[in-house]
Protein chains: 2
Amino acid sequence: MATPDKKRDTGCPIAFALDTFGDRWSLMIIRDIALRGSRTYGEFRDTPEKIATNVLADRLRELEADGIIQKTRDPENQRKNIYALTEKGCDLIPVVLEMVRWSAKYDRNTKVGDKFLNKIKRDRDGFEMEIRSRLKDR
Amino acid sequence: MATPDKKRDTGCPIAFALDTFGDRWSLMIIRDIALRGSRTYGEFRDTPEKIATNVLADRLRELEADGIIQKTRDPENQRKNIYALTEKGCDLIPVVLEMVRWSAKYDRNTKVGDKFLNKIKRDRDGFEMEIRSRLKDR
DNA sequence: TCGCAAACTTGCTTTTTGCAAGTCTTCATT
DNA sequence: AATGAAGACTTGCAAAAAGCAAGTTTGCGA
């Protein structure tokens, strides 16, 4: 076998999900793309959470290898790489939104706009579609 | 301040969620309670994923400190401790269910019953309630 | 062609995980 | 009352991952 990796592979969907993005940083990158419109290495690096550059490089590699994001050169500026969510990555939006909902309920310090929160509560699927199409129009 | 911990605390709900349960094992324990009916240390330890006992002890401590699970002595057997989800913990069920849905779609090896999966797809909130009441009846 | 932007690498220290073995308390049996 | 074993953890150490600071590479723009 070519991949002797440390994935649990027990048939459990939660184990699979955690093996794919269950760490301190992967979902943060997905958040940046899905909710903040980030697309470049520098944008991922310069967030308030301060990911280390080597870890960022590693996670981008992993997420791309797992088919969650896709990397392309920016035609306008060949120095830049543009990272985007694949379909598989977009399908994580519901997970992200449920996490937002939970944190908004339990973290006094969390800053989420009421408008944003109400959209999640009222019509999750509709809001998901809204985010998806926003991502396509770039 | 009493807690000089390493939480990011940037106001971002995703960062908050990941700081609380964004590691390789926390959600696994929540899965065990919510979906598998586990309630004791031994049950959490003896899953196919093989969590190390020291890490298990540590995660149970953290999850309790964060108010996600609650520990009580088993009145029938004073040797046993019974762990249960708090309200805050039950509110993570939607996150877990979305992860199941995602993995079922993308992991060929994931084993999730069709009945289970259809319930998630058809009526997420109803299914959440079903799980909640099942947890109460114990 | 010079300087600078953007995307990484490299080397090293610190923290977390994983593993194997041991401890402590309570129950059940003799 | 003594013995053994179940259940819930601790402890000590090695391996892996994360974090930090500095360096490298390639392309753009003047």
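Proteins come first, then strands; the chains are lettered A, B, ... in the order of their sequence lines, and each starts at number 1.
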Among [options], the nucleotide that comes nearest once only the side chain of [X] is considered:
{"X": "B/Ala57", "options": "C/dC8, C/dG18, D/dC9", "answer": "D/dC9"}
{"X": "B/Arg45", "options": "D/dC20, D/dA8, C/dC8", "answer": "D/dA8"}
{"X": "A/Gln78", "options": "D/dC28, C/dC8, D/dT10", "answer": "D/dC28"}
{"X": "A/Ala52", "options": "C/dC19, D/dC9, D/dG19", "answer": "D/dG19"}

Quiz item: Where do B/Arg31 and A/Cys12 come nearest, in terms of heavy atoms and distance?
Solution: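 Taking every non-hydrogen atom into account, NH1-SG, 2.9 Å.
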Quiz item: Which heavy atom in A/Trp102 sits nearest to a heavy atom in B/Asp91, and how many Å separate them?
Solution: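 Nearest heavy atoms, A/Trp102 then B/Asp91: CD1-O, 3.5 Å.
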Does [N] have OP1 or OP2 sitting under 4.0 Å from an N or O in the side chain of [X]?
{"X": "A/Lys71", "N": "C/dC8", "answer": "yes"}
{"X": "A/Asn81", "N": "C/dC8", "answer": "yes"}
{"X": "B/Arg24", "N": "C/dG18", "answer": "yes"}

Quiz item: Got a salt bridge between A/Glu43 and A/Arg36, using NZ or NE/NH1/NH2 to carboxylate O under 4.0 Å?
Solution: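 Result for this pair is no, no salt bridge flagged.
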Nucleotide [N], atom [atom2] - distance to [atom1] of [X] in whole Å:
{"X": "A/Ile29", "N": "C/dA7", "atom1": "CD1", "atom2": "C1'", "answer": "14 Å"}
{"X": "A/Lys7", "N": "C/dT17", "atom1": "NZ", "atom2": "C1'", "answer": "18 Å"}
{"X": "B/Asp58", "N": "C/dT16", "atom1": "CG", "atom2": "P", "answer": "9 Å"}
{"X": "A/Ile51", "N": "C/dC8", "atom1": "CD1", "atom2": "P", "answer": "13 Å"}

Self-check item: Candidates A/Lys119, A/Lys136, A/Arg122, A/Lys115 - the one meeting salt bridge (charged side-chain N to carboxylate O under 4.0 Å, His left out) with A/Glu130
Solution: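 Single salt bridge (charged side-chain N to carboxylate O under 4.0 Å, His left out) partner of A/Glu130 among A/Lys119, A/Lys136, A/Arg122, A/Lys115: A/Lys119.
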Exercise. Test ring-ring contact (aromatic ring centres under 6.0 Å, His included) on B/Tyr83 and B/Tyr41 and set out the steps.
Key: CA-CA 8 Å; B/Tyr83 292 91; B/Tyr41 190 93; 7.5 Å; no
If you look at every strand shown and take non-hydrogen atoms under 4.0 Å, does [X] touch a base, only sugar-phosphate, or nothing?
{"X": "B/Tyr83", "result": "sugar-phosphate"}
{"X": "B/Asn77", "result": "sugar-phosphate"}
{"X": "A/Arg61", "result": "sugar-phosphate"}
{"X": "B/Arg73", "result": "nothing"}

Quiz prompt | Residue mapping more 5' on DNA chain D - nearest nucleotide basis, A/Trp25 or A/Arg79 | solution =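 Closer to the 5' end of DNA chain D: A/Trp25.
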Exercise. Tell me which of A/Arg39 and B/Thr53 sits closer to the 5' end of DNA chain C, going by the nucleotide each one is nearest to.
Key: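 Here A/Arg39 is the residue nearer the 5' end.
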